[in-house]
**Student:** 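I'd like to ask some things about the structure below.
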There are 2 protein chains.
Amino acid sequence: MQELNTQNTLREKIATFLREAIVKGELRPCQRIQEIEIAERYQTSRTPVREALRQLEAEGFLMIRARRGAIVSPITEKDITEFYEIRGLLESFAAEKAMSLITPEEIEYMRQLNGKIKESFSKADVQGILRTHNEFHEVIVHACGNERLINLIKNLATQHQRFRIVLSHTHSVLDSIKEHDEIIAALRAKDSRRLIEAVRTNSENGCRALIEKIRAINGQKAISIN
Amino acid sequence: MQELNTQNTLREKIATFLREAIVKGELRPCQRIQEIEIAERYQTSRTPVREALRQLEAEGFLMIRARRGAIVSPITEKDITEFYEIRGLLESFAAEKAMSLITPEEIEYMRQLNGKIKESFSKADVQGILRTHNEFHEVIVHACGNERLINLIKNLATQHQRFRIVLSHTHSVLDSIKEHDEIIAALRAKDSRRLIEAVRTNSENGCRALIEKIRAINGQKAISIN
DNA sequence: TTTGCTTCTACTTTATACCAAATAAAAGAA
DNA sequence: TTCTTTTATTTGGTATAAAGTAGAAGCAAA
């Protein structure tokens, strides 16, 4: 068993720890990451740390300059704009492909997840909102059948998660729930245009909200972000 | 000067060498890559080799299983289908964005490049065809303004190059030139729909041709590819 | 004899420790 | 202060030990 190839090597463990720390915002944008420091924290030598850093660079979480070390990727307005453009495009495409493959059961499951989001919202359970929100989007994407596309979007989703947490923002949850309802309705109706439109709108609203947030932060104090 | 951060470290050099070897087909799909072998060939220790291997894994050229080593990524029919779907989508999107940003001079340059392709074709200069063909596509993509998107497509283009070379295939050059003419015409006319359609068609035809090729190869002998 | 399982050996990757080179920081001179 | 020189810190690279995997050899059962 255990065909999963993950989590066995130190490199993987360290990469996972660091990725989570970056996504959670414990490691701030532009913060310097030193090999020795990480190695000492996890009681290892520097080699697996270095490999983990390179991996995170490839995933877009770190920037490494030769002989000058790594910093956590900054979050600029341009990043967010570019990011949402790509994500909206890929996700609406995935949704369109998923429409002909998705089962009624999966659509029903999405409906339940959207209900769960509402529930978490009423309990002010931010973690729950984020987790369920992500699962909602994953269901559609996974139904598209294109594995390469699924992996691409998965990475983008992780980075997206980081944007939201670091800028401590979940774009108006009630609006989001309504947008999800529209996505479900379009899937049920098998209306391709309507679906693409709904996914795009959802993405664009998310983008707009984050942009406003980052402008507010940069307006206040030009530190740490950007 | 030299803000370019490339080519200074051994890791970068080795990664570049290996990437080229894979793209050129000197390293065949599924071929095993051993650290020590590469290290000896380039007269280095194994550490920079390993970092290069991890980088190429992230770029999609290698597959690495923990404690079992690396192999050159196989090329399956599914890979090609999935690949073209994504590339067609991203490139048509980039083209659409580029339309409002591209200058008349750049369009004229594209026209010249297309002429060059024709010229290389008449000389049976395959290298020249591929190089100029890539440059043609790069001009559009670079005009789109979304750097993240440009990088994404750049990586896909390199993998695409590999598919074509390894399957020793340049999809009917004369057709391709006509399709390029249509792209140029759509850009001149500032006709968004026509442009997207043209880029998609170009991509789809390329895909169809490669699929036929890989089926022919797999039909003959089930070795080496897949 | 063949097949299937276990044990053992050899090889390859993973991790450690150490050295070299380059950059950043600090100290000294103009 | 500003520029140069020196020192210190950190990354990049080498050499080597440890751990895990694959394959060979040996044995038991069919």
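Not measured: the values here are computed from a predicted model.
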**Student:** Would you call B/E135 and B/R131 a salt bridge, taking side-chain N to carboxylate O under 4.0 Å as the test?
**Tutor:** no

**Student:** Would you kindly give the CZ-to-C1' distance between A/R67 and C/dA24, to the nearest whole Å?
**Tutor:** 15 Å

**Student:** Over all strands shown, is A/I14 touching base, sugar-phosphate only, or nothing at heavy-atom distances under 4.0 angstrom?
**Tutor:** nothing

**Student:** In whole angstroms, how far is the P atom of C/dA22 from the CZ atom of A/R65?
**Tutor:** 17 Å

**Student:** Quick one: label A/E35 by what it contacts on the DNA or RNA (base, sugar-phosphate, nothing), any heavy atom closer than 4.0 Å.
**Tutor:** sugar-phosphate

**Student:** Does the A/Q43 side chain pair with the main chain of A/E40, one donor and one acceptor, at a distance under 3.5 Å?
**Tutor:** yes

**Student:** Provide, to the nearest angstrom, the distance between the CD atom belonging to B/E57 and the C1' atom belonging to C/dT13.
**Tutor:** 14 Å

**Student:** Is the shortest side-chain N to carboxylate O distance from A/R208 to A/E204 below 4.0 Å?
**Tutor:** no

**Student:** In this structure, are over 12 heavy atoms from other groups packed under 6.0 Å from A/Q127 atom CD?
**Tutor:** no

**Student:** Taking CG from B/L62 and P from C/dT13, how many angstroms apart are they, rounded to a whole number?
**Tutor:** 12 Å

**Student:** Take the protein atom CD of A/E51 and the nucleotide atom P of C/dA15, then report the distance between them rounded to whole Å.
**Tutor:** 7 Å

**Student:** So does A/E82 pair up with A/K78, basic N to acidic O under 4.0 Å?
**Tutor:** yes

**Student:** To the nearest Å, how far apart are A/R68 CZ and C/dA21 C1'?
**Tutor:** 15 Å

**Student:** Taking NZ, NE, NH1 and NH2 as the nitrogens, is one of them in B/E51 or B/R54 under 4.0 Å from a carboxylate oxygen of the other?
**Tutor:** no

**Student:** Think A/S45 has a side-chain N or O under 4.0 angstrom from the OP1 or OP2 of C/dA15?
**Tutor:** no

**Student:** Relative to the 5' end of DNA chain C, which residue comes earlier, A/R46 or A/L10, by the nucleotide with the nearest heavy atom?
**Tutor:** A/L10

**Student:** If we ignore hydrogens and angles and just use 3.5 Å, is the side chain of A/S176 paired with the main-chain N or O of A/S172 as donor and acceptor?
**Tutor:** no

**Student:** Considering every strand and a 4.0 Å limit on heavy-atom distances, what is the contact class for B/Q34: base, sugar-phosphate, or nothing?
**Tutor:** sugar-phosphate

**Student:** If you pin B/T47 and B/I36 to their nearest nucleotides in DNA chain C, which one's is more 5'?
**Tutor:** B/I36

**Student:** Taking any atom under 4.0 angstrom from a heavy atom of chain B, which nucleotides of DNA chain D are the first and last to qualify, 5' to 3'?
**Tutor:** D/dG13 to D/dA22

